[in-house]
Trainee: 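Below you'll find the structure I mean.
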There are 4 protein chains.
Amino acid sequence: MEGSAVKIRNSLGIILTVALLGHGTAQSQSHIDLSGDWVAEWRQANVPNGYARYARFALRQTGSVLSGDLGREKDSLTGSVHDGQIELHYKPTQGAEIVYTGTLKNGEIVARGTAPSDSFIPPSALRAYRDNSSQTTATTHTFEPKAFQRFFASSIPPVLHIAPGDTVRTWTVDAGGSDSHNVRLSAGGNPETGPFYIDGALPGDTLVVHLLSLRLNRDTAISDNVIAANALTPNYIGSLGPAQYSGTTWHLDRDKGLGSLMQPPAGLKNYTVPLRPMLGCIAVAPFGDASYPTGRLGSYGGNMDYNRLTEGTTVYLPVYHPGALLFVGDGHAAQGDGELAGNALETSLDVVFKVDLIRGDAAGGPRAENADFRMAMGIGGSLNDALQEATTNMAQWLQQEYHLDRYETASVLGTAMNYDIAEVVDGDYHVVARLSKQLLAGLSPRP
Amino acid sequence: MEGSAVKIRNSLGIILTVALLGHGTAQSQSHIDLSGDWVAEWRQANVPNGYARYARFALRQTGSVLSGDLGREKDSLTGSVHDGQIELHYKPTQGAEIVYTGTLKNGEIVARGTAPSDSFIPPSALRAYRDNSSQTTATTHTFEPKAFQRFFASSIPPVLHIAPGDTVRTWTVDAGGSDSHNVRLSAGGNPETGPFYIDGALPGDTLVVHLLSLRLNRDTAISDNVIAANALTPNYIGSLGPAQYSGTTWHLDRDKGLGSLMQPPAGLKNYTVPLRPMLGCIAVAPFGDASYPTGRLGSYGGNMDYNRLTEGTTVYLPVYHPGALLFVGDGHAAQGDGELAGNALETSLDVVFKVDLIRGDAAGGPRAENADFRMAMGIGGSLNDALQEATTNMAQWLQQEYHLDRYETASVLGTAMNYDIAEVVDGDYHVVARLSKQLLAGLSPRP
Amino acid sequence: MEGSAVKIRNSLGIILTVALLGHGTAQSQSHIDLSGDWVAEWRQANVPNGYARYARFALRQTGSVLSGDLGREKDSLTGSVHDGQIELHYKPTQGAEIVYTGTLKNGEIVARGTAPSDSFIPPSALRAYRDNSSQTTATTHTFEPKAFQRFFASSIPPVLHIAPGDTVRTWTVDAGGSDSHNVRLSAGGNPETGPFYIDGALPGDTLVVHLLSLRLNRDTAISDNVIAANALTPNYIGSLGPAQYSGTTWHLDRDKGLGSLMQPPAGLKNYTVPLRPMLGCIAVAPFGDASYPTGRLGSYGGNMDYNRLTEGTTVYLPVYHPGALLFVGDGHAAQGDGELAGNALETSLDVVFKVDLIRGDAAGGPRAENADFRMAMGIGGSLNDALQEATTNMAQWLQQEYHLDRYETASVLGTAMNYDIAEVVDGDYHVVARLSKQLLAGLSPRP
Amino acid sequence: MEGSAVKIRNSLGIILTVALLGHGTAQSQSHIDLSGDWVAEWRQANVPNGYARYARFALRQTGSVLSGDLGREKDSLTGSVHDGQIELHYKPTQGAEIVYTGTLKNGEIVARGTAPSDSFIPPSALRAYRDNSSQTTATTHTFEPKAFQRFFASSIPPVLHIAPGDTVRTWTVDAGGSDSHNVRLSAGGNPETGPFYIDGALPGDTLVVHLLSLRLNRDTAISDNVIAANALTPNYIGSLGPAQYSGTTWHLDRDKGLGSLMQPPAGLKNYTVPLRPMLGCIAVAPFGDASYPTGRLGSYGGNMDYNRLTEGTTVYLPVYHPGALLFVGDGHAAQGDGELAGNALETSLDVVFKVDLIRGDAAGGPRAENADFRMAMGIGGSLNDALQEATTNMAQWLQQEYHLDRYETASVLGTAMNYDIAEVVDGDYHVVARLSKQLLAGLSPRP
């Protein structure tokens, strides 16, 4: 049977069709005022291990009468609160009305929703809490990591709560776990700094991460000496014979911005590469109880290893859990397309990022932009799959941002598309669709 | 940077190079007798979040003198126990000697290992416990599941401990979570029965699961009505227009062994398919802290959806955690190759299986056999990758079992290979390499 | 720009929209009777190197008045013949009327067609000749090949003209060019017997080839000793080191139907394989001026290397040229799925086949059937592409034969699909979608 | 059986192991002087339809004694000429001596070669002719094409003979066959100008084509309005519904170097793209009797559709036939990566190119360079295959040019690789591996 993640991910797009209904009659609790912004956390009532869905809603209470709206479509809510009993009627644009009946407990609404039996909508359990996420002022946090994560997962407790608009100054160890002093603080495999909990982020939102500063903080990087076998033809690999694997150490001249091998073989004794520090990993916690090794990548971002994720770039990631849970790690001093040697110039980094939140408008996958380009990531089990994902992600972005139709989109992509092959050595493949902002400036967005 | 899972998985093949050393001198604890079978659990000492490695070893104590051997290679152990202080010297066939020094605590050896500084072998922390896993008699357990798992993960507490040789009688809900009475007991996405902890199983072993009985226990199955888009050409999909998705319900005539649609469209009013109950999912917990949705598949097995995993088949899975943690679920009454409609004929099943253990000889991936065939699974991000994995898995199996060289293997695979395309709709692709046992009977295994 | 082959192949599906019009006035040629069956060969008039299109049409002449119909849609033709001048009006169901004006030359109509200028239909040049293809009686030809073809191409002169219903008894050399006496008659690379011109075959038809007999005619076969590198994982290939390639010779015991290595290595000294003679190559001439090496495969068939193309099988191939031009060759005494060693058990064969023609109903690709199965071939640059082609080819076959809609098709393919991986070593990949006729017998074809 | 093209292509790398031997005794022809440069054309003697191989050799005649050398390895030739009878002994570095015996006919040596029977080298037929190819002075030809080719094939007679060093001024029609006046001169599908015969080019050489000038010669280009279905995810394509295909016409402002739609939809009314004229097709005749539609691409180049093949670029192509047979066509005024709309901005071009020849050093596939980059093409049935071909082609180039070993190559590719996805809509996929010459300047070529 097809994976639940897919089905559930689809269902995240469905606007929560709940209703809150209170049949209370007593006036002794007329001092309750439910007015304000709320978050609804909703589950199927009789199914033990289902996932929660979330939606934002607003209530206005006038006496015992409730009114409000829910979600981006501003569907109407009506109801009442009497004697501590809350009743809310919710009827979405399409589909049956759902009536929610419950009470206020510890400042949260706890209620049960039911729909007409002929609607086949199962009963649901609702918990709603106050949404205070937009009431903060921007803060700069300095975070000194103590432990590092080798899996992307929602089960990992957050190391810091931050708010949209906040900035974090922190640092990352290299892919093998060593810090700016070459002290090993973690086992290898891209140990991550984080996760950071972004207050107010909900599934269906897009997390925005501005990479304000990515700076080298030591003079060495580690890499490998063999081209990944899957990047060469089978016959060529067969002709080469087994390789002698070993690490290579690079000297990072931070003043000149150049890297060179510390013990270069004869052919490379004058070979230098420009240093362009980048984050190999940037991720949110993946859907549900999934826990992916930090060498993997997917719709949650992860080990994307894209050499344009440098200082000055903004990254967009879909949110799958309240708080999003942001991970960063795997700094590279420089990396060719595809990360062909398996490791780039792996090093520790000083990192400064600022987060923001786009509420209720989930990207179709990771995206990024800098001063020159919009970039839409495509990750898949083959380069063909990754290209399909990237092209679709970009087409949908154009349609969201500029309201282009499919034919207009074809004329733009046919003339302006740039593809990058970001990563080929991490199990999945990563292709990026990239468009020049100078060309996009010629578009005429529809209202 | 390349994923840790890969690197760590490779390192599982490395025989544990530990040594146990006790510098104790007092004789007051001369009553300690360390003779017997042990399991070593070993970690790098100074790296906070590394994974443990495991090895079996045997000790013989004569007075205060210890001798023994470790692992499949029977590497020699020597040492002593004096006054509660344990010292063990271990020198592998290749590499530096490691000396372990420690004590007995609560019946377990707790020690620290060091190697000469010029060996670059980091210090290690050892915990060793008695290995009682081979001392059981075969038992038949009847297990009534209460909860169902939607992720394959080692973090899920086992529901039952069983021993190699034991048999379990249990049942599975269908892919949507409904049982033999069509009562929904779980959210969907292939909820699993288990995990079962197999006593004595260690990373590097192969878990053997004999599917003794897979029986239909209700008269209906659920399926879908649309061919997966990735199984059709892009131009054909583009020409069809959006599909109207809906479920289909099949009647299972258990007496005749035939399935038919309950509300067949005109063209299928007489269409019946033979029922061949199979397990869509059979898995161990994947490596490390990974947690994969039960719709996914990989080296740990999982949602393999192979229509030859029927009653009478034996499945082999590599073990990644102590106890292996076996999951079963996602019964299909019948399924075509590839599971093209996204769902097969999804139903609940009565399941009887028996487990065994092949110690210390990990398969290169999931394998299976029945009376007629050996089957080697290949799972990958594309059908080409899956075929490469399957062919390699089978080639390695032939080399393990018959000691064929690469040229002999080529003559066998070139003349006898059967490939099955098991699964194309679950994110990864699954190809099975299958060889007739009748043909293999002609091979002459080398000693 | 996209390849012409694709576009032109698409355009083959377009019913020829020609019209024949004669403005002749003289009565001296009133003895002309144009009644009967014709074939129209049509080209764009002013474009030098375009390809011809073809259509069958019938005329009835009453006095000087002409009427008739064209193609499968039986579009109406009207016109007249006066004084040697022929005028025909053709108006298709959709689109503009075209008027053809010309004369009879050497029994053929030669005319020029024009359409209203606002139709944007360019002028065309028509040549029409009598269609005598259905007037033959079945004949059995014995054909002794003298030369062998190393390319599939329409430019190769046919070696024999045969008619639908005819049978041909002939033989093929092995892939290296050697015959039943092991005499080398051709350079290697699957030299073919043929091409055979099937009278009356036109582009858009389907050529039917019944493989009546495929018999071994010598006691040896040649194969190779190394598994194709692209069938193994890159890391495994990299670990093996360069291979020592050499041929292997197999003894074919025709009485027992068993093959065994003549100089077996130790592990294979008792290894035997059942002999199942098959044709590795069966092809028509590919579209246009294309000429493909006989190691390649495609929509024209070719080196399909499918081990079910044995005696008793019927093969369907789309026709791209008048006469179809049938090639056969590359006999295998036995072959595993995928032809993993690069060569199967290559041998010469005695071949008897019978041809038939399905007029005007082109298959979407090569197809086959035997007593038990319908088989739809899919050939592509990767196994995923090949699977998409195969599934689509089978879905379209079901829709043609049984008029199933897409949802009915999904229920059939989801429960009954068998996939075979026929070939992985010839540059393109070949997957076959195979359905049991026993299951298909339960379908209810719509009228 | 595997395709002959592959095997034969491999064998092209094998230095021709022929020998020329004359046992003539008469002195009446002592006036013969065989001194000078020759080309050997060699075939297996007894195999009717094998392909010729070629090699250059030099002879020095002193009296009746012959000496000389053959090929890049300068293998020694010895022999004599007596009475019109020529005898030449050739012994390669490895393998048996071959003795060639023959005569001079019409200025060509015609001889038969034999090797010791235990060498298993079959007898061969030799024809050798004087090699005058290096004796020309550079010429500029102006070529007005009259006909256009829709297939790449060696069977097409050359339109012009040119010499290495020569320049050709010519023009190309657009992909649909229209010239600078929008007059249609050919059916569509990338009709080509050529083929040009390069005197002295032999199989195993590399043809060098300097694109000196690529200039727009009209104010319009044609394109398409739909994204190729294979560049989008199957589910997205399925959701879109059938497309309304139509052509789009672009205005080319040659002064400003900008293109814009002539009838833009609302969203694109101000959308302009920079014009970067490029050649979509550049090809030599493919191996053997192969004839590929001009929409295809492969090791012979062809419809590579790479948007960096602009003015100022040098293209390298492997030679498969004497004279190479160069085709050019399919000009694009601009093209995004992948040519996603199926057509780029298709237009006619004025083209000036200069050819050169690298004798005896065949590239592993098409390559190119400009002032900034080396580019190695990879063409395959999937993007993964194409990437493997491109990486291998570049690795081999570095090893040829700089004598880097595999580990040095890994450090360069891992840090400096740029991949371009050139083409995804022409049946095969095209990925280009591109390296900055600035970085390569740091390499230290070994002698």
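Chain naming here is simple, since letters A, B, ... match the order of the sequence lines and numbering starts at 1 in each. Computed over heavy atoms, backbone and side chain alike; hydrogens, waters and symmetry mates excluded.
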Trainee: Calculate, to the nearest 0.5 Å, the distance between atoms OG and CG belonging to D:Ser411 and A:Leu340 respectively.
Mentor: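 Rounded to the nearest 0.5 Å, the OG-CG separation comes out at 11.5 Å.
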Trainee: Pick one of side chain, backbone, both or neither for A:Leu439, based on which atoms fall under 4.5 Å of a heavy atom in chain D.
Mentor: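 For A:Leu439, the contact with chain D is made by backbone and side chain together.
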Trainee: So, taking the atom named CG in D:Asn230 and the one named CG in A:Asn384, what distance separates them when rounded to the nearest 0.5 Å?
Mentor: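 The CG atom of D:Asn230 sits 7.5 Å away from the CG atom of A:Asn384.
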Trainee: Counting heavy-atom pairs closer than 4.5 Å to chain D, which one of A:Ile227, A:Val273, A:Leu232 comes out on top?
Mentor: A:Leu232
Trainee: Is it the case that over 12 heavy atoms from other parts of the model lie below 6.0 angstrom from the CZ atom of D:Arg254?
Mentor: yes
Trainee: Is chain D contacted by the side chain of A:Gln438, its backbone, both, or neither, given a heavy-atom distance below 4.5 Å?
Mentor: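 It is neither, since no heavy atom gets under 4.5 Å.
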Trainee: Rounded to the nearest 0.5 Å, how far does CG of A:Leu383 lie from CD1 of D:Ile421?
Mentor: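 Output value for this atom pair is 6.5 Å.
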Trainee: Heavy atoms only, distances under 4.5 angstrom: which of A:Ala410, A:Gly267, A:Gly414 has the most pairs with chain D? Name it, please.
Mentor: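 Highest number of heavy-atom pairs under 4.5 Å: A:Gly267.
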Trainee: If I take atom CG from residue A:Asn418 and atom CG from residue D:Asp420, how far apart are they, to the nearest 0.5 angstrom?
Mentor: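 The CG atom of A:Asn418 sits 8.5 Å away from the CG atom of D:Asp420.
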Trainee: Rounded to the nearest 0.5 Å, how far does CG of A:Asp337 lie from CG of D:Leu413?
Mentor: 11.0 Å
Trainee: Rounded to the nearest 0.5 Å, how far apart are CG of D:Leu268 and OG1 of A:Thr415?
Mentor: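 With rounding to 0.5 Å, CG (D:Leu268) is 8.5 Å from OG1 (A:Thr415).
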Trainee: Pick one of side chain, backbone, both or neither for A:Ala231, based on which atoms fall under 4.5 Å of a heavy atom in chain D.
Mentor: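 Answer is both: backbone and side chain atoms of A:Ala231 are under 4.5 Å from chain D.
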Trainee: Going through the distances and angles, do D:Val226 and A:Tyr407 end up as a side-chain contact (heavy atoms from CB on, under 4.5 Å)?
Mentor: CA-CA 6 Å; D:Val226 175; A:Tyr407 306 108; 3.8 Å; yes
Trainee: What part of A:Leu387 is in contact with chain D, defined as an atom under 4.5 angstrom from a non-hydrogen atom: side chain, backbone, both or neither?
Mentor: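 When you check distances to chain D, atoms from both the backbone and side chain of A:Leu387 fall under 4.5 Å.
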Trainee: Side chain, backbone, both or neither: which part of A:Ile237 has an atom under 4.5 Å from a heavy atom of chain D?
Mentor: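 Nothing of A:Ile237, per the 4.5 Å heavy-atom cut-off to chain D.
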Trainee: Less than 4.5 Å to any heavy atom of chain D: does that hold for the side chain of A:Ala243, its backbone, both, or neither?
Mentor: both
Trainee: Closest approach of A:Gln388 and D:Pro234, non-hydrogen atoms and distance?
Mentor: OE1-CD, 3.5 Å
Trainee: Hey, which of A:Ser382, A:Ala416, A:Ala266, A:Gly338 has the most heavy atom pairs under 4.5 Å with chain D?
Mentor: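 Most heavy-atom pairs within the cutoff with chain D belong to A:Ala266.
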Trainee: Minimum heavy-atom separation for A:Pro242 to D:Arg406, with atom names?
Mentor: O-NH1, 3.7 Å
Trainee: Can you say whether A:Val412 sits under 4.5 Å from chain D via the side chain, the backbone, both, or neither, judging by heavy atoms?
Mentor: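 Answer is both: backbone and side chain atoms of A:Val412 are under 4.5 Å from chain D.
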Trainee: Just wondering, more than 12 heavy atoms not from A:Lys437 lying within 6.0 Å of its NZ?
Mentor: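 More than 12 within 6.0 Å, yes.
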Trainee: Judged by atom type as modelled, is there a donor-acceptor pair below 3.5 Å linking the side chain of D:Tyr236 to the main-chain atoms of A:Thr391?
Mentor: no
